[in-house]
Amino acid sequence: MVITTDADHTEILFRNEGKLPSRPPFPALLHYRKEAFNSIGIVPGNGKEWYRFRSYVLPLLKKNLVQSYQAKHDAIASTFVDYIKKHRTENRTMEDLYKHLLKFSIEAISITSPGKRFHCLLENTVETEQIIKASIGFMDGLYKTFIGPPIWKLYKTNAYKQLEFSHETIYGVIKDTLEDMKHQQQKDPETLLKQNPFMYSLLNNKAMNWNDIIMVALEIFLGGLDATSATLALTLHYLAHNKKAQSRAREEVLQSQQEYKYLKACLKETLRLKPTAGANSRFLANDTVIEGFEVPSGTLVTAFSSITSTDAKYFDNPKSYVPERWLRDHRRNIHPFASLPFGYGPRMCPGRRLAEQEMITLLKNVLLNFEITSLESPEIGMIYRMNRIPDRPINIQFLDLKL
Ligand code: HEM
């Protein structure tokens with residue numbers, strides 16, 4: 001195994017990942033899905049099985065397809081603004097923002113996959129409570145079965161049972177939704193294509209069986225929940241502590257520039273300082289040389305990109321929040337492999353476009369409605385879960401903005 005924090009080594013790693021990039025699998029999830037569904041999905045596996053599933057989510061990387069969900073993302077972000085107004089404390093603080101944003105992330109992704117709003121932000125029904133609990137439980141169970149010794153192979157450990165139970169819950173919800181959608185698709189395919197082009201592409205894919213469709217919908221639903229909420233909570237944290245950046249971002253939104261270059265730079269800067277993935281890993285597809293050492297194919301190389309991206313070798317003032325560094329004039333000096341929060345290559349995050357649209361839309365709506373401030377320390381760390389998340393509650397004041 002090779003471990004590195006060097007951006008040149010990271011480049012070598014990705015240039016030698018091959019056509020079917022392989023990374024450490026999630027054996028408990030792989031085992032459970034094979035036994036229960038004979039369908040593994042994208043995340044846990046490698047090789048040809050991974051490639052087949054990965055091809056089903058390629059539409060998500062198309063700009064036009066993602067943009068077709070924009071109006072719905074706007075509606076959800078606007079609901080979140082009302083939600084903030086309702087849930088602020090007397091001094092206008094939202095406590096533990098990450099937990100509230102998890103509800104936003106569930107709402108935002110669910111309109112694409114499985115294609116129904118669960119209304120977690122409006123009411124606490126048994127169904128919404130179940131979904132929230134199961135989403136957290138799944139990530140937790142996946143992490144515990146991944147890092148610990150594989151005792152689950154001998155008997156069902158608590159972590160394995162947690163993974164299984166939460167998977168069953170989400171699977172049930174997704175399956176029910178997709179059954180309704182299948183009927184809609186049979187009656188009125190045109191409307192489904194217009195309303196939800198991603199689910200339309202899955203339901204009309206002749207290479208997929210029913211379990212494959214449910215599995216892919218489930219993975220896209222769960223794929224980015226905690227990463228999206230953590231990145232949003234951290235961006236609001238940094239904007240609350242950096243008033244100049246906050247004003248510049250609001251100015252951009254007020255001018256309704258469609259590209260939101262500065263807001264995108266804010267997200268990039270958050271993900272540079274606090275990427276949700278601690279590392280990028282691959283089993284090499286080719287023999288290669290790293291730092292003069294011959295490294296044979298099959299070796300696991302792990303690049304701790306979360307360390308590289310805050311290294312003074314690659315970034316001036318590496319610990320400061322400076323979104324400007326990502327704008328056109330400055331960015332040319334940045335090593336292209338020094339900050340890779342969505343991974344790289346054929347296995348990079350397929351939800352990147354969707355996540356960016358969800359996050360920009362939420363930030364836009366918040367900045368138009370509130371001045372955000374923090375009464376707490378700007379210092380914040382990350383703890384390892386399946387994805388890294390803030391190590392303490394982020395509490396932010398949302399003061400009504402009079403524009
Ligand atoms: C801020 C938000 C997000 C971040 C930072 C993020 C980051 C990542 C990273 C680092 C990877 C591993 C890539 C690699 O190995 O090269 C990944 C994979 C993945 N992400 Fe995301 N992600 C986010 C949002 C999402 C969303 C919204 C979805 C669903 C639409 C999603 C679905 C997935 C899936 C399915 C994979 C596995 C891809 C594969 O194994 O081929 N992610 N993500």
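FYI, the numbering just counts along the sequence from 1. Start at 1 and go down the list; that is how both ligands and their atoms are numbered.
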Which segment of Asn387 sits under 4.0 Å of ligand 1 when only heavy atoms are counted: neither

Quick test of your reading of the model: are Arg325 and Asp316 salt-bridged, counting only N-O distances below 4.0 Å? no

Any idea which atoms of ligand 1 are less than 4.0 Å away from a heavy-atom of Gly343? 10 (C), 13 (C), 14 (C), 16 (O)

Starting from the C-alpha separation in whole Å, work towards a yes-or-no answer on side chain to side chain donor-acceptor pair (under 3.5 Å) for Gln246 and Arg250. CA-CA 6 Å; Gln246 187 181 149; Arg250 185 172 294 107; 2.8 Å; yes

Based purely on interatomic distance, does Arg23 place a nitrogen or oxygen under 3.5 Å from a nitrogen or oxygen of ligand 1? yes

For this output row, return yes or no: ring centroids of Tyr69 and Phe198 closer than 6.0 angstrom. no

Subset of ligand 1 atoms that lie under 4.0 Å from at least one heavy atom of Met348: 13 (C), 16 (O)

Report, in ascending order of atom number, the atoms of ligand 1 lying under 4.0 Å from any heavy atom of Tyr344. 16 (O)

Could you check whether Asp74 pairs with Lys364 (Lys NZ or Arg NE/NH1/NH2 to Asp/Glu carboxylate O, under 4.0 Å)? yes

Glu259/Lys264 ion pair, N-O < 4.0 Å: no

Can you confirm, on distance only, whether ligand 1 has an N/O atom lying under 3.5 Å from any N/O atom belonging to Arg54? yes

Minimum heavy-atom separation for Val66 and Gln357, please, with both atom names. O-NE2, 2.9 Å

Using a 4.0 Å cutoff against the non-hydrogen atoms of Ala277, which atoms of ligand 1 qualify? 10 (C)

Part of Arg282 with heavy atoms under 4.0 Å of ligand 1, whether side chain, backbone, both or neither: side chain

min-distance protein heavy atom vs atom 13 (C) of ligand 1 -> Arg347 O, 3.4 Å

Protein residue, atom and distance nearest to atom 25 (C) of ligand 1, heavy-atom basis: Gly224 CA, 3.4 Å

Taking the basic N atoms (NZ, or NE/NH1/NH2) and the acidic carboxylate oxygens, is any pair closer than 4.0 Å for Glu356 and Arg352? yes

Met359 heavy atom under 4.0 Å from ligand 1: yes

If you count the atoms of ligand 1 from 1 in the order shown, which ones are under 4.0 Å from a heavy atom of Thr231? 1 (C)

Starting from atom 4 (C) of ligand 1, locate the nearest protein heavy atom and write down its residue, its atom name and how far away it is, to 0.1 Å. Phe342 CE2, 3.4 Å

Please write down residue, atom name and distance for the protein heavy atom closest to atom 29 (C) of ligand 1. Ile220 O, 3.4 Å

What protein heavy atom is closest to atom 34 (C) of ligand 1, reported as residue, atom name and distance in Å? Pro350 CD, 3.5 Å

So, Asp140 and Lys144, do they make that salt bridge, N to O below 4.0 Å? yes

If we check side chain to side chain donor-acceptor pair (under 3.5 Å) with Thr373, which of these qualifies: Arg92, His241, Gln397? Gln397

With respect to Thr177, which candidate in Lys116, Met199, Lys182 satisfies the side-chain contact (heavy atoms from CB on, under 4.5 Å) definition? Lys116

Atoms of ligand 1, numbered as shown, that sit under 4.0 Å from any heavy atom of Ile109: 30 (C)

Which residue supplies the protein heavy atom nearest to atom 7 (C) of ligand 1, what is that atom called, and how far is it? Pro341 O, 3.4 Å

for atom 17 (C) of ligand 1, nearest protein heavy atom and its distance come out as Cys349 CB, 3.5 Å

Ignoring angles and geometry beyond distance, decide whether Thr276 reaches within less than 3.5 Å of ligand 1 through its nitrogen or oxygen atoms. no

Polar contacts were defined as any N/O atom of the residue lying under 3.5 Å from an N/O atom of the ligand; does this apply to Trp50 and ligand 1? yes

Check this for me: does any side-chain nitrogen of one of Glu164 and Lys161 sit under 4.0 Å from a carboxylate oxygen of the other? no

Heavy-atom closest contact (Asp212 atom, Ala207 atom, distance): OD2-O, 4.3 Å

